[in-house]
Amino acid sequence: MDLNTITAVAHPQTRAQLPVWTAGDAWLAGGTWLFSEPQTHLTRLIDLTDLKWPALTVTENHLSIAATCTIAQLDGFVCPPDWRAAPLIGQCCRAFLASFKIWKTATIGGNLCMSLPAGPMISLASALDGVCTIWKAGGGEQKIPVIDFITGNQRNRLTPGDLLRRIDVPIAALKRRTAFRQISLAPVGRSAALLIGSLDGDGTLTLTVTASTVRPIRLSFRGVPDASALHAAIAQQITDDLYHNDIHGQPLWRKHMTLRLAEEIRRELLGAMP
């Protein structure tokens with residue numbers, strides 16, 4: 001869609017060249033949402049592509065994912081064989097149910113910053129202990145775990161002029177055993193519940209609940225709980241007001257599916273234990 005109110009497009013090549021943020025500005029990365037509907041409040045776009053951030057960088061301790069990394073780039077990344085959680089990348093990418101055109105354009109950072117409950121990159125990064133690095137509008141950096149970055153439906157911790165730079169995923173998290181469950185009301189529909197379980201080397205089970213809730217929620221257990229303990233923990237930590245309500249699923253159904261998928265994950269990971 002044409003954005004007829006835009007009068008300027010900035011192309012910074014370094015952080016020092018980022019223009020001073022003013023009302024009417026918007027960051028432009030993939031633009032798949034930005035150009036999908038009228039944005040009459042915007043007058044200037046700040047194009048991030050000329051910053052040329054490396055899409056994916058593996059260090060000794062982290063997989064660093066640039067905010068401008070596309071879904072296609074992440075999905076095409078060849079993971080080392082000891083990253084047992086690697087299948088989650090493809091599973092979460094396919095939870096978009098988007099065309100190849102979207103895959104080649106939409107960015108990881110854009111998915112996080114939109115902060116929709118069904119954002120599958122939020123699910124992936126939350127489940128793998130991802131940490132956001134944010135360039136603050138006034139200078140400096142701030143690090144926020146992804147699980148805390150999203151605060152509600154289309155709400156997050158960014159303030160005007162803040163820029164999400166990257167997401168760092170610990171290598172240790174990528175070596176965990178994981179289980180993935182996702183459901184939608186329609187065969188080609190937005191996720192109504194997306195749950196990821198992971199099993200650490202010491203037997204700690206972590207369950208990350210997304211899509212069915214307005215923000216990511218993590219539950220942790222020292223050892224795999226029995227079915228009743230899991231049910232009780234979900235009922236206690238995910239109160240009814242946290243379940244999302246829209247045309248893709250009503251809260252009561254989302255709650256039911258959360259409990260059902262959590263039990264499936266519990267059984268799968270329990271069966272994987274030595």
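Counting begins at 1 with the first residue of the sequence.
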Peer 1: Does Val146 share a hydrophobic cluster with Ile196, counting links as ILVMFWY side-chain heavy atoms below 4.5 Å and allowing steps through other members?
Peer 2: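 Yes, because Val146 and Ile196 connect within a single hydrophobic cluster, where side-chain heavy atoms sit under 4.5 Å apart.
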Peer 1: List the atom of Asn153, the atom of Pro117, and the distance in Å for their closest heavy-atom pair.
Peer 2: OD1-CD, 3.1 Å
Peer 1: Walk me through whether Gln17 and Arg15 qualify under side-chain contact (heavy atoms from CB on, under 4.5 Å).
Peer 2: CA-CA 5 Å; Gln17 293 177 2; Arg15 183 175 184 179; over 6 Å; no
Peer 1: Please determine if Arg266 and Glu263 form a salt bridge, counting it only when a charged side-chain N lies under 4.0 Å from a carboxylate O.
Peer 2: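 Salt bridge present between Arg266 and Glu263.
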Peer 1: I'd like to know whether Arg44 forms a side-chain contact (heavy atoms from CB on, under 4.5 Å) with Thr7, so could you lay out the CA-CA distance, the side-chain angles of the two residues, the decisive distance to 0.1 Å, and finally the verdict.
Peer 2: CA-CA 6 Å; Arg44 180 174 65 171; Thr7 59; 5.7 Å; no
Peer 1: Out of curiosity, Ser198 OG to Leu269 CG, how far, rounded to the nearest 0.5 Å?
Peer 2: 7.5 Å
Peer 1: Find out whether the Lys NZ or Arg CZ of Arg166 is both under 6.0 angstrom from the six-membered ring centre of Trp53 and within 45° of the ring's axis.
Peer 2: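 No, Arg166 does not sit over the ring of Trp53.
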Peer 1: Report the C-alpha separation of Phe221 and Thr206 in whole Å, then their side-chain angles, then the decisive distance to 0.1 Å, and conclude whether the side-chain contact (heavy atoms from CB on, under 4.5 Å) test is met.
Peer 2: CA-CA 6 Å; Phe221 306 87; Thr206 302; over 6 Å; no
Peer 1: So Ile265 and Leu207, do their side chains get closer than 4.5 Å, heavy atoms only?
Peer 2: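 Yes, their side chains come closer than 4.5 Å.
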Peer 1: Would you indicate whether Lys136, at its atom NZ, is surrounded by more than 12 heavy atoms from other residues, nucleotides or ligands within a distance under 6.0 Å?
Peer 2: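 More than 12 heavy atoms, drawn from other residues, nucleotides or ligands, come within 6.0 Å of this atom.
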Peer 1: Going through the distances and angles, do Asn61 and Thr59 end up as a side chain to side chain donor-acceptor pair (under 3.5 Å)?
Peer 2: CA-CA 5 Å; Asn61 297 314; Thr59 68; 5.8 Å; no
Peer 1: Is it true that a side-chain atom of Asp162 and a backbone atom of Thr159 form a donor plus acceptor pair closer than 3.5 Å?
Peer 2: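 At least one qualifying donor-acceptor pair exists.
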Peer 1: Between Ile171 and His62, which heavy-atom pair has the shortest distance, and what is it?
Peer 2: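 What the structure gives for the nearest pair is CG1-N, 3.4 Å.
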Peer 1: Please check if the side chain of Ser191 supplies one atom and the backbone of Ala193 the other of a donor-acceptor pair under 3.5 Å.
Peer 2: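 Judged by distance alone, no pair lies under 3.5 Å.
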Peer 1: Is the number of heavy atoms from other residues, nucleotides or ligands within 6.0 Å of CD (Gln250) greater than 12?
Peer 2: no
Peer 1: Counting heavy atoms not belonging to Leu185, are there more than 12 under 6.0 Å from its CG?
Peer 2: yes
Peer 1: Does Leu112 offer a backbone N or O that forms a donor-acceptor pair with the side chain of Ser115 under 3.5 Å?
Peer 2: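 The answer is yes, because a donor-acceptor pair under 3.5 Å joins these two groups.
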Peer 1: Taking the side chain as every heavy atom from C-beta outward, state whether Ile71 and Ile108 have any atom pair closer than 4.5 Å.
Peer 2: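 They are in side-chain contact.
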Peer 1: Would the distance check show the side chain of Arg215 and the main-chain N or O of Ile150 forming a donor-acceptor pair, the cut-off being under 3.5 Å?
Peer 2: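 Looks like no, no N/O pair under 3.5 Å.
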Peer 1: Thr210 side chain to Ser123 main-chain N or O, any donor-acceptor pair under 3.5 Å?
Peer 2: no
Peer 1: Any side-chain donor-acceptor pair under 3.5 Å between Asp241 and Thr239?
Peer 2: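 On atom types as modelled, these side chains qualify, holding a pair under 3.5 Å.
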Peer 1: Where the side chain of Asp200 meets the backbone of Gly203, is there a donor-acceptor pair that is under 3.5 Å apart?
Peer 2: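 Pair absent, no side-chain N/O of Asp200 close to backbone of Gly203.
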Peer 1: Over all heavy atoms of both residues, which pair between Thr258 and Ser212 is shortest? Give the atoms and the distance, please.
Peer 2: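 Reported closest heavy-atom pair: OG1-OG, 2.8 Å.
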Peer 1: When clusters are formed by joining ILVMFWY residues with side-chain heavy atoms under 4.5 Å apart, either directly or through shared neighbours, do Ile134 and Met114 land in the same one?
Peer 2: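 In one cluster: no.
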Peer 1: Does some side-chain heavy atom of His248 sit less than 4.5 Å from a side-chain heavy atom of Arg190?
Peer 2: yes
Peer 1: Decide yes or no for Pro120 and Asn111: does some side-chain heavy atom of the first lie under 4.5 Å from some side-chain heavy atom of the second?
Peer 2: yes
Peer 1: Does Leu74 reach the side chain of Leu124, with side-chain heavy atoms less than 4.5 Å apart?
Peer 2: yes
Peer 1: I'd like to know if the side chain of Arg218 reaches the main chain of Ser126, judged simply by a donor and an acceptor atom lying under 3.5 Å from each other, with no hydrogens or angles considered.
Peer 2: yes
Peer 1: Given 3.5 Å as the limit, does a donor-acceptor pair link the side chain of Asp2 with the main chain of Asn4, or not?
Peer 2: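 No; zero donor-acceptor contacts below 3.5 Å.
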Peer 1: Kindly say whether Thr70 contributes a backbone atom to a donor-acceptor pair with the side chain of Gln73 at under 3.5 angstrom?
Peer 2: yes
Peer 1: Give me the atom names and distance for the closest heavy-atom approach of Leu164 to Ala67.
Peer 2: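 Shortest heavy-atom contact: O-CB, 3.1 Å.
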Peer 1: Indicate, with yes or no, if Leu259 and Leu252 share a hydrophobic cluster defined by side-chain heavy-atom contacts under 4.5 Å among Ile, Leu, Val, Met, Phe, Trp and Tyr.
Peer 2: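 No, Leu252 does not connect to Leu259 through the hydrophobic network.
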Peer 1: If you count the non-hydrogen atoms of other residues, nucleotides and ligands that lie under 6.0 Å from NZ in Lys101, is the total more than 12?
Peer 2: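 Result for NZ/Lys101: open.
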Peer 1: Between Arg254 and Asp246, does at least one N-O distance fall below 4.0 Å, as a salt bridge requires?
Peer 2: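 Salt bridge present between Arg254 and Asp246.
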Peer 1: Atom CD1 in Ile238, atom OH in Tyr243: separation rounded to 0.5 Å?
Peer 2: 4.5 Å
Peer 1: Does some side-chain heavy atom of Leu3 sit less than 4.5 Å from a side-chain heavy atom of Pro38?
Peer 2: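 They are not in side-chain contact.
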Peer 1: First locate atom CD of Gln39, then atom CG of Leu34, and finally report the distance between them rounded to the nearest 0.5 Å.
Peer 2: 5.0 Å
Peer 1: When you measure from the side chain of Glu141 to the backbone of Thr133, do you find a donor-acceptor pair of N or O atoms at a distance under 3.5 Å?
Peer 2: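 The answer is no, because no donor-acceptor pair under 3.5 Å joins these two groups.
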Peer 1: When you look at CD of Gln236, are more than 12 heavy atoms from neighbouring residues, nucleotides or ligands closer to it than 6.0 Å?
Peer 2: no
Peer 1: How long is the straight-line distance from CG of Leu195 back to CG of Leu261, given to the nearest 0.5 Å?
Peer 2: 5.5 Å
Peer 1: Tell me the closest heavy-atom pair linking Phe149 and Cys132, and the distance in Å.
Peer 2: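 Heavy atoms only, the tightest pair is CG-SG, 3.9 Å.
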Peer 1: Between Asp129 and Arg176, is the closest basic N to carboxylate O distance under 4.0 Å?
Peer 2: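 Looking at Asp129 together with Arg176, the answer is yes, because their closest N to O distance falls below 4.0 Å.
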Peer 1: Does the side-chain contact (heavy atoms from CB on, under 4.5 Å) test come out yes or no for Leu230 and Ile234, once each step is laid out?
Peer 2: CA-CA 6 Å; Leu230 177 64; Ile234 292 173; 4.1 Å; yes
Peer 1: Would you call Lys255 and Asp240 a salt bridge, taking side-chain N to carboxylate O under 4.0 Å as the test?
Peer 2: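 Yes, Lys255 and Asp240 are salt-bridged.
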Peer 1: I need the single residue from Cys92, Cys113, Pro216 that forms a side-chain contact (heavy atoms from CB on, under 4.5 Å) with Ile122. Which is it?
Peer 2: Pro216
Peer 1: If you measure from CG on Asp25 to OG1 on Thr43, what distance do you get to the nearest 0.5 Å?
Peer 2: 6.0 Å
Peer 1: Regarding Thr105 and Thr32, is there a side-chain donor-to-acceptor distance under 3.5 Å anywhere?
Peer 2: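 Looking only at side-chain atoms, Thr32 and Thr105 do not form any donor-acceptor pair under 3.5 Å.
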Peer 1: Look up atom SG in Cys79 and atom CZ in Arg84, then write down how far apart they are to the nearest 0.5 Å.
Peer 2: 14.0 Å
Peer 1: Any heavy-atom pair between the side chains of Asn245 and Val214 that's under 4.5 Å?
Peer 2: no
Peer 1: Could you check whether Ser64 and Thr57, counting side-chain N and O atoms only, form a donor-acceptor pair closer than 3.5 Å?
Peer 2: no
Peer 1: Does atom CZ of Arg260 have more than 12 heavy-atom neighbours, drawn from other residues, nucleotides or ligands, at distances under 6.0 Å?
Peer 2: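 Atom CZ in Arg260 is not packed in, count stays at 12 or less.
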Peer 1: Can you hop from Leu88 to Phe77 via hydrophobic side chains spaced under 4.5 Å?
Peer 2: yes
Peer 1: Tell me yes or no: between the side chains of Asn156 and Thr151, is some donor less than 3.5 Å from an acceptor?
Peer 2: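 No, no side-chain donor-acceptor contact under 3.5 Å.
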Peer 1: According to a 4.5 Å side-chain heavy-atom criterion applied to Ile, Leu, Val, Met, Phe, Trp and Tyr, with indirect links allowed, do Leu51 and Ile167 form part of one hydrophobic cluster?
Peer 2: no
Peer 1: Indicate the atoms forming the closest heavy-atom contact of Thr68 with Ala29, along with that distance.
Peer 2: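 Closest approach of Thr68 to Ala29: CG2-CB, 4.3 Å.
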Peer 1: Do Leu18 and Trp27 touch side chain to side chain, with heavy atoms closer than 4.5 Å?
Peer 2: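 Side chain of Leu18 against side chain of Trp27, heavy atoms only: contact under 4.5 Å found.
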